[in-house]
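Have a look at the structure below before the remarks.
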Amino acid sequence: MSNDRPTYALNDPIQKSALVTVRDGKLLVARSYGKDTFYVPGGKIETDETAEQALEREVQEELATKLVEESAVELGVFTGQAHGKREGKQVNLHAFAAVLEGSPQASEEIEELRWVGAAEAEQVSSAGQLILADLAKKSVVTGAANPRRAVLFDLDDTLFLTREVKWEHHRFVAKDSFGIDLTDEELTEHWGKPFEEMIALLYGGLGTPEERLEANKASNERFPKKPIDGALDAVNELLDRGIAVGIITSTVTERAVAELTRHGYPMDRLLLVQGADLTDFHKPDSRVFGRASKLLKALGKTEITYVGDALTDEQAALDAGFNFVAVTTGLFEADDFSSRSTVLSDLKNLPELFA
């Protein structure tokens, strides 16, 4: 969390914290006494506190409860018209998804608490509507029959055919830049490890980390990943069914975002894209899902499925308490996965598991 404290000028936007907590597909909002508009719980960030500190204080003052310790996850800043202020006066809502210790109760300054869906947006302040719209777009606020479901995907050999083309890429870089002839055995042994760790092993530890990354990046476009047939349609169908979707991959986040964007994935609808550079833990360690689990719990997503192609994907998902769907588009076949997992040969069939 950032420890930066705000400074203010006369025409600067008002800085406020905002609690995003969702139950059964609806967002919690509050209405003060004598007001007719609901707002996302939270309040002004004082000059001597961080946005998260302000959130903790405001939750106690407005909702008569506390945040579960270390449950807050930053969602970003939403900027809009400040309610009740002159036209053009902006407010920055520093939004956090978080879990409450107990049921929220209206404090003395709050007349009513309400859980609202996208259809009730007109009841909410302009800035609050931005949060509500974003959550609806991401299938967090949803009218789905079961609003508690989320699906997280691996990337390589799950959404994109990666292994064959990238093995050729690594062979090229290893030989051209470091004079190494890679074998299938070496590629198999290290395939699927966090990207920077993997290329250090494949390229014999030669060069600096920056030099290895640059050597790989220089020829990356010559060896493009290929989209798996039906994967994009499956993701879009899940989202349209009110199921939140995210990506957790062993590749670098920047590259993952670039690949997804290039092939038309709806980036503004994905709940998260997490690469190996954004976590200290990696599959098969279930802690790779730590931030995602916190975020999904705060957003009311308690039925979580991970989709992947590797045994490390399966182990991490099952150890995290997730459901696991294996796809046989990587190194492993159906019989390699445990009986606790569902196995698909074609991602086109994935949405039917959530019918």
Side-chain angles (χ1 to χ4, degrees), residues 150-171 182-202 216 223 225-232 234-235 238 245-253 255-256 259-260 265 272-293 304-350 353:
V151 177
L152 302 174
F153 287 89
D154 176 45
L155 191 75
D156 293 326
D157 291 318
T158 299
L159 297 179
F160 295 99
L161 290 171
T162 303
R163 179 171 56 88
E164 291 184 7
V165 68
K166 286 304 175 183
W167 279 21
E168 288 306 309
H169 183 200
H170 289 308
R171 285 193 179 97
L182 281 177
T183 66
D184 281 355
E185 289 74 20
E186 290 169 315
L187 285 159
T188 299
E189 180 182 0
H190 302 306
W191 185 243
K193 292 178 180 178
F195 187 76
E196 292 189 30
E197 175 187 346
M198 179 180 68
I199 64 173
L201 293 165
L202 293 178
N216 184 278
F223 300 88
K225 299 176 184 180
K226 299 177 182 179
I228 288 180
D229 188 35
L232 175 57
V235 167
L238 291 174
V245 172
I247 311 292
I248 294 185
T249 173
S250 297
T251 195
V252 177
T253 304
R255 292 194 181 190
E259 291 285 356
L260 292 162
Y265 277 78
L272 77 158
V273 178
Q274 175 187 300
D277 52 306
L278 296 184
T279 176
D280 293 329
F281 306 103
H282 308 287
K283 296 174 288 186
D285 191 330
S286 63
R287 289 176 293 179
V288 70
F289 297 115
R291 181 181 183 277
S293 295
I304 306 167
T305 299
Y306 189 56
V307 182
D309 67 287
L311 297 182
T312 52
D313 297 333
E314 180 185 51
Q315 182 180 336
L318 295 178
D319 287 351
F322 296 172
N323 300 313
F324 183 70
V325 174
V327 289
T328 54
T329 44
L331 285 169
F332 300 97
E333 299 181 358
D335 290 343
D336 294 321
F337 296 97
S338 79
S339 59
R340 297 169 61 191
S341 301
T342 300
V343 181
L344 296 177
S345 60
D346 194 332
L347 269 183
K348 293 177 182 177
N349 299 322
L350 180 66
L353 298 179

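Below, each value reflects all heavy atoms present in this structure, side chains not excepted, and no hydrogens, waters or symmetry copies.
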CD (Glu197) with more than 12 external heavy atoms under 6.0 Å | yes
Would you say the side chains of Asp309 and Thr329 form a donor-acceptor pair under 3.5 Å?
-> no
Side chain of Asp285, backbone of His282: donor and acceptor closer than 3.5 Å?
-> no
Parallel, tilted or perpendicular for Phe160 and Tyr265, by the 30°/60° rule?
-> tilted
Write down the atom of Phe324, the atom of Ala310, and the distance for their closest heavy-atom approach.
-> CZ-O, 4.1 Å
Got a sec: does the CG of Asp335 have more than 12 other heavy atoms crowding it under 6.0 Å?
-> no
Positive for side chain to side chain contact (heavy atoms under 4.5 Å, CB included) with Ile247, one of Leu272, Leu159, Leu152 = Leu159
Would you check if there is a donor-acceptor pair between the side chains of Ser286 and Asp319 at a distance under 3.5 Å?
-> no
Please determine which of Arg163, Lys225, Lys283 meets the salt bridge (charged side-chain N to carboxylate O under 4.0 Å, His left out) test together with Asp156.
-> Lys225
Are any non-hydrogen side-chain atoms of Ser338 and Leu318 less than 4.5 angstrom apart?
-> yes
Check: Gly192 main-chain N/O paired with Ser250 side-chain donor or acceptor under 3.5 Å = yes
Asp229/Lys348 salt bridge by N-O under 4.0 Å criterion | yes
Mind checking the CG-CH2 spacing from Asp184 to Trp191? Nearest 0.5 Å is all I need.
-> 12.5 Å
Is Thr305 close to Thr342 at the side-chain level, that is, under 4.5 Å between some pair of heavy atoms?
-> no
Provide the closest heavy-atom pair for Thr158 versus Gly308 in the form atom of the first, atom of the second, distance.
-> OG1-CA, 3.5 Å
So which heavy atom on Thr328 is nearest to which on Ser345, and how close?
-> OG1-CA, 3.5 Å
Nearest 0.5 Å please: distance from the CG atom of Leu202 over to the CH2 atom of Trp167.
-> 10.0 Å
Can you measure from CZ (Arg255) to CG (Leu155) and round to the nearest 0.5 angstrom?
-> 12.0 Å
Report the C-alpha distance between Thr279 and Gln274 in whole Å, list the side-chain angles of each, state the deciding distance to 0.1 Å, and finish with yes or no for side-chain contact (heavy atoms from CB on, under 4.5 Å).
-> CA-CA 8 Å; Thr279 176; Gln274 175 187 300; 3.7 Å; yes
Say whether, by atom type as modelled, one donor and one acceptor occur between the side chain of Glu314 and the main chain of Phe337 under 3.5 angstrom.
-> no
From Phe195 atom CZ to Asn216 atom CG, the distance as rounded to the nearest 0.5 Å | 3.5 Å
Which distance, rounded to the nearest 0.5 Å, do you find between the NZ of Lys166 and the CE of Met198?
-> 9.5 Å
The reported gap from CG in Asn349 to CG in Leu344 (rounded to nearest 0.5 angstrom) is 6.0 Å
Got a donor-acceptor contact below 3.5 angstrom from the Glu196 side chain to the Ala276 backbone?
-> no
Between the main-chain N or O of Ile248 and the side-chain N or O of Tyr306, is there a donor-acceptor pair closer than 3.5 Å?
-> yes
His170 side chain vs Ile199 backbone, donor-acceptor pair below 3.5 Å = no
Do you know which of Leu350, Leu347, Asp157 makes side chain to side chain contact (heavy atoms under 4.5 Å, CB included) with Val327?
-> Leu347
Could you pull out the closest heavy-atom pair between Thr253 and Val273, with the gap in Å?
-> CG2-O, 3.7 Å
